Amino acid sequence: MMTVVSLSFRSRCLQRLNRRLHTGSALRSEAGISSPAEYCKDLVRKHDYEGYLTSQLYPKRFQGGYFALRAFYIELATVREAVSQTTLGQARLMFWRDAMKDIYNDKPPRHPIALAIHEATRDTHLPLYHFNRIVEAREQELHNQIHLTLESMTSHAESTSSTFLYLLLAMLNLPSSTLAHAASHIGVAQSLTTLLRALPFHASKGVMVIPAEITAKHNVNQQEIFSKGESSHGLEDAVFELATVANDHLLTARDMFKESGGRVPPDAMPVFSAAIPVVSILSRLEAVNFNVFNPSLQIRDWRLAWQVWRSYYKRTF
């Protein structure tokens, strides 16, 4: 009985927080209500340089949808860092779980990202399942910030980065198992490299993003990394191993296009341009001997814009 009462009380608390969060979010985002598309575009431009670069490759009629989906992804990906308590994060994610239901019932909440997604769903078929999968993965992330195994990390990447790419394929109306399979591997590679680049930030918060089975293998002293904020031979070996896994996923994705000489179908290339920043990060990691604390890794790669356009026109990654 006590358990039932506790769960019921907790649920009511979350719902109350959710309503307060919705109200506060609506007030903060009121300026974006009049132009949800511009709000989403500006959010991506400010918080996701690489995502903004690749957005330019999408046909004009799909760019609004792209920015809506990317803004949604950014919003959920930053929940953990944006809240001071797990309960607050749960409330934000509950808002988005409810918001997605309302969007698909043609009753989107007055939030610019929700309104932009609703507009995108009117023009293209975007499976609700994919949105819910991302929300669920971010909920799990609130309770478990570290991964013990590479398998666990890969599964999370598939539920977030890969699923986002599935949404983009759906938006472009590209129902292909080959494209989906390749996108799955690109998503995993993207997630792993993003985490590696962000390792210094997470380490400053006392969180090790490399799976425990890999850090243990290379005798990484996590507390020393957290306190000193610098690399070690063991950490560099662990980074190299995880970077190799990411590169293997890239190679597997490329193999999916063997029959076309490695060239991606023109209509799908905007989606697969997400691999270009991954290649850039891996190359830069190699150049500094996999020392993720090297300051150069936090500086934008001035060549990236050119690399994105070149790869787009060559239809390779």
Side-chain angles (χ1 to χ4, degrees), residues 43-55 66 69-82 133-134 137-138 140-142 144-147 150 152-168 182-205 207-211 214-215 231 235 238-253 271-288 290-301 304 307-308 317:
L43 182 72
V44 175
R45 182 180 60 80
K46 288 179 178 177
H47 298 285
D48 185 4
Y49 170 71
E50 293 157 1
Y52 188 78
L53 268 184
T54 56
S55 72
Y66 172 84
L69 296 177
R70 195 61 190 170
F72 168 80
Y73 190 83
I74 294 169
E75 179 82 5
L76 268 64
T78 55
V79 166
R80 192 176 70 188
E81 281 74 37
R133 188 181 184 190
I134 293 173
R138 295 307 181 188
Q140 294 171 7
E141 190 177 66
L142 281 176
N144 187 14
Q145 298 185 40
I146 62 174
H147 294 279
L150 179 60
S152 169
M153 173 174 272
T154 301
S155 176
H156 183 267
E158 290 171 347
S159 296
T160 52
S161 296
S162 298
T163 300
F164 174 72
L165 297 182
Y166 299 157
L167 279 169
L168 293 180
S184 175
H185 288 285
I186 293 297
V188 173
Q190 184 181 50
S191 183
L192 300 189
T193 52
T194 298
L195 284 171
L196 285 176
R197 182 172 56 180
L199 190 150
F201 168 79
H202 291 292
S204 71
K205 307 293 182 182
V207 176
M208 174 53 68
V209 296
I210 300 177
I214 295 179
T215 56
S231 192
L235 181 62
V239 170
F240 170 75
E241 180 169 340
L242 195 59
T244 299
V245 173
N247 191 60
D248 287 345
H249 279 282
L250 269 179
L251 295 176
T252 302
V271 176
F272 288 92
S273 65
I276 309 309
V278 175
V279 175
S280 172
I281 294 170
L282 290 175
S283 297
R284 296 173 73 191
L285 273 172
E286 184 178 16
V288 296
F290 301 96
N291 175 6
V292 290
F293 284 91
N294 190 297
S296 67
L297 295 175
Q298 304 308 318
I299 301 172
R300 287 180 180 175
D301 185 354
L304 185 59
Q307 290 168 348
V308 166
F317 58 87

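Note that the coordinates shown come from a computational prediction; the quantities given were computed from them, not determined experimentally.
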- line: Note: Val292 and Leu196 closest approach over all heavy atoms is CG1-O, 3.5 Å
- prompt: If you draw a 6.0 Å radius around OH in Tyr52, do more than 12 non-hydrogen atoms from other residues or ligands fall strictly inside?
  reply: yes
Side chain proximity check, Phe240 to Leu285, heavy atoms < 4.5 angstrom: no
- prompt: Do Glu81 and Arg138 sit within salt-bridge range, that is, some charged N less than 4.0 Å from a carboxylate O?
  reply: no
field: Atom pair CG (Leu242) and OG1 (Thr193), whose distance is rounded to the nearest 0.5 Å
entry: 9.0 Å
Steps toward side-chain contact (heavy atoms from CB on, under 4.5 Å) verdict (Leu297, Ile299): CA-CA 5 Å; Leu297 295 175; Ile299 301 172; over 6 Å; no
- prompt: Between atom CG of Leu282 and atom OG1 of Thr244, what is the distance when rounded to the nearest 0.5 Å?
  reply: 9.0 Å
query: Considering all heavy atoms of both residues, which atom of Phe272 and which atom of Ala183 are nearest to each other, and what is their separation?
result: CE2-N, 3.7 Å
- prompt: Does the pair Leu250 and His185 meet the rule for a side-chain contact (heavy atoms from CB on, under 4.5 Å), with working shown?
  reply: CA-CA 6 Å; Leu250 269 179; His185 288 285; over 6 Å; no
- request: Could you tell me how the ring of Tyr73 sits relative to the ring of Phe164: parallel (under 30°), tilted (30 to 60°) or perpendicular (over 60°)?
  value: tilted
- request: Please answer whether the main-chain N or O of Ser159 pairs with a side-chain N or O of Ser162 as donor and acceptor at a distance below 3.5 Å.
  value: no
- request: Provide the closest heavy-atom pair for Val44 versus Gly51 in the form atom of the first, atom of the second, distance.
  value: CG1-C, 4.1 Å
query: Is there a side-chain contact between Pro277 and Tyr49 (heavy atoms, below 4.5 Å)?
result: no
query: Are there more than 12 heavy atoms of other residues, nucleotides or ligands under 6.0 Å from atom CD of Glu286?
result: no
field: Sole candidate of Arg197, Arg70, Arg45 that passes salt bridge (Lys or Arg N to Asp or Glu O under 4.0 Å) when paired with Glu50
entry: Arg197
message: Side chains of Ile134 and Leu167, heavy atoms from C-beta outward: is any pair under 4.5 Å?
response: yes
query: Under 3.5 Å, side chain of Thr163 to main-chain N/O of Glu158, donor-acceptor pair present?
result: yes
query: Do Thr154 side-chain atoms and Leu150 backbone N/O form a donor-acceptor pair below 3.5 Å?
result: yes
Minimum heavy-atom distance Phe317-Val279, with the two atoms named: O-CG2, 3.7 Å
- request: Flag the pair His147 / Ile210 as yes when at least one side-chain heavy-atom distance between them is below 4.5 Å, and no otherwise.
  value: no
